[in-house]
Amino acid sequence: MPSDPILFSSSPFPDLPVIRPDAPVLLEIRDLHARVEAKAILKGVNLTIRAGEIHAVMGRNGSGKSTLSKVLAGHPSYTVTGGSVTYRGENLLELEPETRARAGVFLGFQYPVEIPGVSNLEFLRVSTNARRVHRGEAELDTFEFEDLVRERLQVVQMDPAFLERSVNEGFSGGEKKRNEILQMALLEPLVAILDETDSGLDIDALRIVAGGVNHLATPDTATLLITHYQRLLDAITPDYVHVMAAGRILRTGGKELALELEQRGYDWVDAELAALEGAEADRLPAEVA
Amino acid sequence: MVASATAQVPAASGGLEGWTRQLLECLPAAAGPLAAVQERGRAALVALPVPSSRQEDWRFTDLSLLTGLEPAAAGAPAQTAAQTSAQAVAQTSAQAVDALPPAAPGVVRLLLDGRNDPLAGVALPPGLSALGPAELAQALGHTLAATGCEQHWPVELNHAASEQVLALRVASRHRVTLELVSAAGAGLLPLRLLLILEEKAELDLSQLVQAHGAGLTSLVLEAHLARSARLHHGLVALGVPQAALLAHLALEQEPESAVTLVSATAGWGLARLEPRVRQVDGGARTTLRGLQLVDGRQIADTHSHVLFSGPEGELDQLHKAVADGAGRSVFNGAVRVPRPAQRTNAAQLSRSLLLSDRARIDTKPELEIVADDVKCAHGATVSCLQTDELFYLQSRGLAASQASDLLQRAFCEEVLRELPAAARSWGSFQAMLSAAGSAEDRP
């Protein structure tokens, strides 16, 4: 592991070989800046995700991890102020949230929303059909969809009784996360962004959720895991681990980087960030001149 | 939401007072079993001040829409115009019935047109019977008086115009399911109902009140529940922007009885609903569920009033409103807990969804608590559709309009799901919501 701070660079992985150089790039994030209200959160994120890859983004609270996921999914509270995101060659940032979802970008929520009065089964059917229509497939009627959903329930070992309830209403933390992975199993996204899917899960639920994610990962799809903890990465092996701080990716490594974070904590990240910001401050007058 | 339209009927001169005078002139001479009630109502209408914004109870609710309506009773046979509208009511009511799915086996469906006897040719199920003249004379108006509304202007209007009353008794230990359907066209459609539930009697009553033209539906329902009786009343009231609904639902409960009153109104230019409940000796259970939708320049107003005249009564009340366009929603929830009503347990919640910055919502709890050992909770929320809920649905591929439609329907569903089974099976309200939603999706 190099001990020198890696300065911000337009290359996302300056010291790592690309594992699957021939795989198509699904998502290309370039110098992404975003704010919520007046507060700048993302300050130049660079990330390239190819088919078949699993990426993990780690970092302290407030480093911008969740903001990155919400910006990619199109949350209206976040404003992109610079940079670009290309999804399979298309400008992702121009698309409405629902179009992104139909095109295969999936966000697993850290806090899935409870929607009393909306049947989970009906909601899953409407969303699955929206994705199917986008892919040029026929919509599923109620009976066809029930067959599909019962098959996919097995991926997350969910009780069919949850289908009859309102969306996430009264679900435990683990049940909500399983419902998220069930949605992922139905929507068959090309890029799945899972925002702290492991938070609030006990060991058994974590095993089931991770098993679901592994089951759904294919050579044609990619996964972006946002997490605080190594324990999720024990169950889902990432190809790349990125450390985020102050709205950018500070360092990228292999799965061993997550272990290093687990052992050393985030203090060294702060030191690197301070050094980086110092270097940028030093450079600034020359640029202005 | 419901499309809006402006009523193009010229207003009667002299405002609501003038309209009331014209109405009284149009009414046929008092006759029939309700002649005395009619006389009294007519005299009262002459003497009573018409409701206006100067009266606290009508502060937010403008009745001027009434003055644009034809001041004639749909049930009046003497006038040509009135006769036409009476026939129209009979016709639209029949059409309304045709549009419903058939009643379940063993369920009686009665058609109310304010003119024909709804019981003619109908075989009533075991346990259900019509009240005789002596019983009627004794019981009619009792609950209105007990709940303090017998001299309310809308009630007197109904008294003045009603030629008939549907008065039914559910016998002790019997369980009856009943459907009532009415559909108003132009003119005034007065509906008067009286229900007596004997000890341990149970009644599931699904009522559909529809309007298709510039008319006024005046509904007055009285129900008396003896000890341990149970009433589940679902009122689905679907109007049009030219139509008005004035409804009083007065209920008297003996101890250990249970009332669930669920109302859902939408589409009316003006709808005023007054559920009034009195637990005569406390110890009863009252559940009130209300849903009202306004759009365009519509007004929907619910003034509920619950009085505990004895100890250990329970109230569980939820009132919901959705206001769009330049619509106005009013809720006033009065709960009276005098000294004898110790250990009352009452909870009232008003939840409103504001969908437009031109819409207006006035919601007010009005708790009057004198007893000292009681639990009375109340709360009110007014909110817009939640960004996070919309985003969650959109992030699963639902279009913004589809997501907002789904959330609105879900908001309504909390009340609609508590309708009695028959009213739920009609799906009238849900169909109206879907139609409004898909109309909105059109460019």
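Here is how names work: the chains are called A, B, and so on, in the same order as the sequence lines, proteins then strands, and each is numbered from 1. Keep in mind that what you see is a predicted model, and the values were worked out from it rather than measured.
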request  = List the atom of A/P116, the atom of B/A410, and the distance in Å for their closest heavy-atom pair.
outcome  = O-CB, 3.2 Å
query = Non-hydrogen atoms of chain B under 4.5 Å away: do they reach the side chain of A/L187, the backbone, both or neither?
reply = side chain
remark   = Correct closest heavy-atom pair for B/L398 and A/E98 would be O-CB, 3.2 Å
Which atoms of A/E180 approach chain B - backbone, side chain, both or neither, heavy atom under 4.5 Å = side chain
B/R409 atom CZ, neighbour heavy-atom count above 12 within 6.0 Å = yes
ask   = Can you list the steps and then say if B/T387 with A/H75 is a side chain to side chain contact (heavy atoms under 4.5 Å, CB included)?
value = CA-CA 9 Å; B/T387 309; A/H75 194 292; 4.3 Å; yes
message = For A/A101 versus B/G397, what's the shortest heavy-atom pair and its separation?
response = CB-N, 3.5 Å
Ignoring hydrogens and angles, write down the donor-acceptor pairs under 3.5 Å from the side chains of residues 82-92 of chain A, residues two or more places apart or on other chains.
{"residue": "A/Y87", "atom": "OH", "partner": "A/A103", "partner atom": "O", "Å": "2.8"}
{"residue": "A/N91", "atom": "OD1", "partner": "A/L93", "partner atom": "N", "Å": "3.0"}

Test item: side-chain donor near acceptor, A/Y111 and B/D388, under 3.5 Å = no
Least distance between heavy atoms, A/P112 atom then B/Y392 atom = CB-OH, 4.0 Å
request  = Check the pair B/S395 / A/F109 against side chain to side chain contact (heavy atoms under 4.5 Å, CB included), numbers first and verdict last.
outcome  = CA-CA 10 Å; B/S395 78; A/F109 281 58; 3.3 Å; yes
ask   = Can you say whether B/Q394 sits under 4.5 Å from chain A via the side chain, the backbone, both, or neither, judging by heavy atoms?
value = both
Contact summary for B/F391 and A/P97, nearest pair of heavy atoms = CE1-CB, 4.1 Å
query = Hey, which of A/R100, A/H134, A/E122, A/Q183 has the most heavy atom pairs under 4.5 Å with chain B?
reply = A/Q183
ask   = Which bit of B/E389 comes within less than 4.5 Å of chain A, counting heavy atoms only: side chain, backbone, both or neither?
value = both
note = Bottom line for A/V133: the part with an atom under 4.5 Å from chain B's heavy atoms is neither
ask   = If you take all heavy atoms of B/R396 and A/S127, which pair is closest and at what distance?
value = O-CB, 2.8 Å
key: Partners passing side-chain contact (heavy atoms from CB on, under 4.5 Å) against A/D147 (at least two apart in sequence or in another chain)   = none
request  = First locate atom CD1 of A/I115, then atom CG of B/L393, and finally report the distance between them rounded to the nearest 0.5 Å.
outcome  = 4.0 Å
